[in-house]
Asker: 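The following block contains the structure, expressed as structure tokens.
Remember, it's a predicted structure, so these values are computed and weren't measured experimentally.
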2 protein chains.
Amino acid sequence: MKPSVGIRDVAQHAGVSNATVSNVLNRPEVVAPATRQRVLAAIEELGFVRNESARQLRAGRSRVLAYVVLDAANPFFTDVARGVEDAAREAGLALFLCNSASDGGREREYLELLHEQRVEGILITPVDAESAQFAERGTPVVLVDRETTNGAHCSVAVDDVLGGELAVTHLIESGHTRIAMVGGPLSIQQVRDRRDGALRALANAGLPADALTVLETKGLQVAEGRGAGERLVGLPSSRRPTAAFCANDLLALGLLQSMTQQGLRVPDDLAVVGYDDIEFAAAAAVPLTSVRQPREQLGRTAAQLLLSENDPDHEHRHVKFKPELVVRASSAVKR
Amino acid sequence: MKPSVGIRDVAQHAGVSNATVSNVLNRPEVVAPATRQRVLAAIEELGFVRNESARQLRAGRSRVLAYVVLDAANPFFTDVARGVEDAAREAGLALFLCNSASDGGREREYLELLHEQRVEGILITPVDAESAQFAERGTPVVLVDRETTNGAHCSVAVDDVLGGELAVTHLIESGHTRIAMVGGPLSIQQVRDRRDGALRALANAGLPADALTVLETKGLQVAEGRGAGERLVGLPSSRRPTAAFCANDLLALGLLQSMTQQGLRVPDDLAVVGYDDIEFAAAAAVPLTSVRQPREQLGRTAAQLLLSENDPDHEHRHVKFKPELVVRASSAVKR
DNA sequence: CTCAGCCGTTAAAACGTTTCAACATCGAGG
DNA sequence: CCTCGATGTTGAAACGTTTTAACGGCTGAG
């Protein structure tokens with residue numbers, strides 16, 4: 001182990017007091033140029049690296065934000081993270097990403113650690129917003145892409161019911177009357193909301209609720225989408241939906257792939273609508289119709305809200321964005 | 001601001017000394033059950049959260065690893081990160097992800113911060129391995145997916161020259177004699193290595209070096225792949241390659257999309273091979289032939305190497321994995 | 001020659017933990 | 001009744017910074 005050179009070593013080496021070294025580090029303008037040079041030289045020579053723990057202990061505040069992400073492998077969240085980072089960076093803060101990987105246990109561990117680290121603030125897309133007890137522990141927390149049930153935090157979300165409605169209304173207008181909803185588990189608020197939106201669209205169009213076949217999946221990954229595709233094709237053709245609304249682009253991509261493999265064409269045999277409009281949605285060989293969420297803006301807004309928590313007159317706010325339908329080839333009008 | 005309850009407050013509230021509280025926290029078995037209960041109750045009641053800065057300052061060590069990732073939006077890196085996290089977690093450490101987004105400036109800032117934070121270790125896929133001066137600053141650093149030029153660090157990489165060779169040999173064996181290499185910028189070591197592998201494949205087959213048309217891109221994202229596709233189609237058909245080897249799956253997906261949009265078929269009009277074998281490669285509507293790298297294992301190995309740096313007899317090691325070709329529909333044999 | 005004011009520097013006191021040696025208390029063994 | 005070891009608890013000293021108030025030296029005004 002290195003002997004770990006500290007501020008006092010530098011001070012001694014430069015023939016000044018530690019206070020002066022500290023000043024060079026934090027308020028260079030206050031110390032005489034000659035001294036400053038001498039100190040900087042000593043720092044360089046000894047390879048001194050400031051100890052952030054000590055600094056933070058004394059100062060009481062840190063310079064980092066953290067975003068506990070639900071699934072780092074989902075491009076949607078990395079896009080949100082980009083927005084967060086931009087905003088953080090403008091405020092002179094760094095961003096640490098933590099991946100809960102949809103695991104409540106990991107999520108709790110990370111939250112605990114972040115609280116103990118006294119980060120400036122925590123952004124989180126929680127595994128489960130209901131059971132989520134982000135008890136006020138001194139560190140401000142903002143929920144991302146989830147609505148908070150109790151009013152204990154700020155939150156930034158997108159209207160998922162509206163999103164579901166947009167998607168399914170589009171399918172109905174394209175001539176579909178038997179529609180599948182692919183997504184799950186239904187314990188996830190988002191999935192439920194999007195389904196409810198789908199049902200609302202049916203109601204608006206005067207279609208019966210059983211025009212929607214719900215195929216519940218165990219998760220929101222590509223593989224689940226493939227599985228759903230097989231289930232779908234297995235249905236008797238009289239009852240088989242002619243269109244599918246997926247809770248997620250990953251599911252939609254899996255579904256798409258499964259269709260092609262089974263020799264069915266999209267959108268002719270099955271129209272597909274996804275959700276999130278991740279970059280790969282447009283890049284799919286059958287470009288995917290999808291419900292776009294303002295991803296970067298979601299992150300950016302969340303970060304700004306988080307930073308405003310320090311204002312003395314802060315009140316928790318709940319921002320809700322509107323999603324937008326992006327029509328592409330995967331849902332071309334039915335002939 | 002909260003008055004911030006500390007260990008002494010807990011101690012006072014429970015009628016014990018701070019040393020005892022500390023013991024309850026760190027070595028519960030050493031303190032009498034009755035006292036322990038009392039202390040735990042006090043902790044609960046006051047909402048005490050341990051201050052990691054102070055703890056770390058005193059203990060000299062932290063419980064986190066960091067991975068500075070080149071591009072969080074590239075699924076390849078999130079897969080590597082998963083491997084890192086698994087290994088870290090087994091060792092009882094948490095993982096913070098930092099995204100340099102291919103920006104040397106950000107990378108430097110993050111490194112600086114992480115050094116100051118005295119994290120247990122740093123994993124990094126650097127923007128530029130050559131100029132990379134990760135001067136020994138006391139915190140161990142391991143390079144991921146890059147070979148280190150000087151022997152100052154451990155590194156874990158994959159044989160990119162071999163990967164390029166595998167890809168292009170496959171294309172040659174499928175009957176192609178005019179091949180494009182899509183990727184860039186060439187300042188990136190990986191891109192160069194993969195190109196060199198491609199050239200080696202040509203040489204092995206007795207083909208001239210100009211059988212390879214290098215289309216250099218500005219980056220490794222999907223959009224760049226689309227751009228390359230347009231350039232490719234613009235070539236006079238006598239000189240147009242019948243196959244493309246992309247430095248990256250993102251490029252390949254963009255290229256694929258561009259082909260379909262322009263009414264060309266894959267693989268009939270253009271065979272495509274990607275690199276990394278990210279999940280979306282298999283999920284593309286024309287499943288993508290790709291060079292697979294052992295992503296999770298890459299991360300896992302890097303983390304283990306990092307953790308071994310504390311051994312007194314540690315020597316820097318350079319692990320190099322072999323890539324593997326995964327053939328799918330996008331490169332079916334030419335008729 | 002004195003004094004006020006300024007500038008650059010410093011000693012010392014925090015910040016909230018962990019750790020170590022020392023200290024009580026108690027029951028058992030002599 | 002004394003000693004000993006075991007068991008639980010504690011006071012105080014670190015850890016490496018930042019900060020505050022005070023200090024000494026100088027300059028220029030009176």
Asker: Choosing from D:dT17, C:dG8, D:dT19, which nucleotide comes nearest the side chain of A:Asn23?
Answerer: D:dT19
Asker: So, the side chain of A:Thr125 versus the backbone of A:Val144: is there a donor-acceptor pair under 3.5 Å, distance only?
Answerer: yes
Asker: What integer distance in Å separates A:Asn18:CG from C:dA14:C1'?
Answerer: 14 Å
Asker: Rounded to whole angstrom units, what separation is found between the CD atom of B:Glu116 and the C1' atom of D:dG16?
Answerer: 13 Å
Asker: Between C:dG16, D:dT18, C:dT18, spot the one nearest the side chain of A:Arg50, thanks.
Answerer: D:dT18
Asker: What integer distance in Å separates A:Leu57:CG from C:dA14:P?
Answerer: 14 Å
Asker: Could you please name the option among D:dT9, D:dT17, C:dT18 that lies closest to any side-chain atom of B:Arg55?
Answerer: C:dT18
Asker: Sub-3.5 Å donor-acceptor pair from the side chain of B:Glu120 to the main-chain atoms of B:Leu306, do we have one?
Answerer: no
Asker: Let me know the distance between CD of A:Gln117 and P of C:dC15, rounded to the nearest Å.
Answerer: 21 Å
Asker: Within this structure, what is the CZ-to-C1' distance between A:Arg118 and C:dT17, rounded to whole angstrom?
Answerer: 11 Å
Asker: Given D:dG11, D:dT18, D:dT20, which nucleotide is nearest the side-chain atoms of A:Ser22?
Answerer: D:dT18
Asker: Does any donor atom in the side chain of B:Arg146 or B:Gln190 lie under 3.5 Å from an acceptor atom in the other side chain?
Answerer: yes
Asker: Listed in order of residue number, which residues of residues 38-49 of chain B have a non-hydrogen atom at under 4.0 Å from DNA chain D?
Answerer: none
Asker: Whole angstrom is fine here: how far is it from CZ in A:Arg61 over to P in C:dC15?
Answerer: 17 Å
Asker: Quick check on C:dT18: is either OP1 or OP2 less than 4.0 Å from any side-chain nitrogen or oxygen of B:Asn26?
Answerer: yes
Asker: Mind running side-chain contact (heavy atoms from CB on, under 4.5 Å) on B:Leu65 and B:Phe96 for me, showing each step along the way?
Answerer: CA-CA 6 Å; B:Leu65 245 49; B:Phe96 286 162; over 6 Å; no
Asker: Is the shortest heavy-atom distance from the side chain of B:Ile124 to the side chain of B:Glu107 under 4.5 Å?
Answerer: yes
Asker: Using five base pairs at each end, measure the axis-to-axis angle across the helix from C:dC1-D:dG30 to C:dG30-D:dC1 and round it to 10 degrees.
Answerer: 60°
Asker: Rounded to whole angstroms, how far apart are CD on A:Gln56 and C1' on D:dG16?
Answerer: 13 Å
Asker: As a test of reading the structure: which of C:dC15, D:dG8, C:dT9 is closest to the side chain of A:Thr20, going by heavy atoms?
Answerer: C:dT9
Asker: Whole-Å distance between C:dA11 C1' and A:Arg8 CZ?
Answerer: 11 Å
Asker: Quick one: list whatever passes salt bridge (Lys or Arg N to Asp or Glu O under 4.0 Å) with B:Asp71, sequence neighbours left out.
Answerer: none
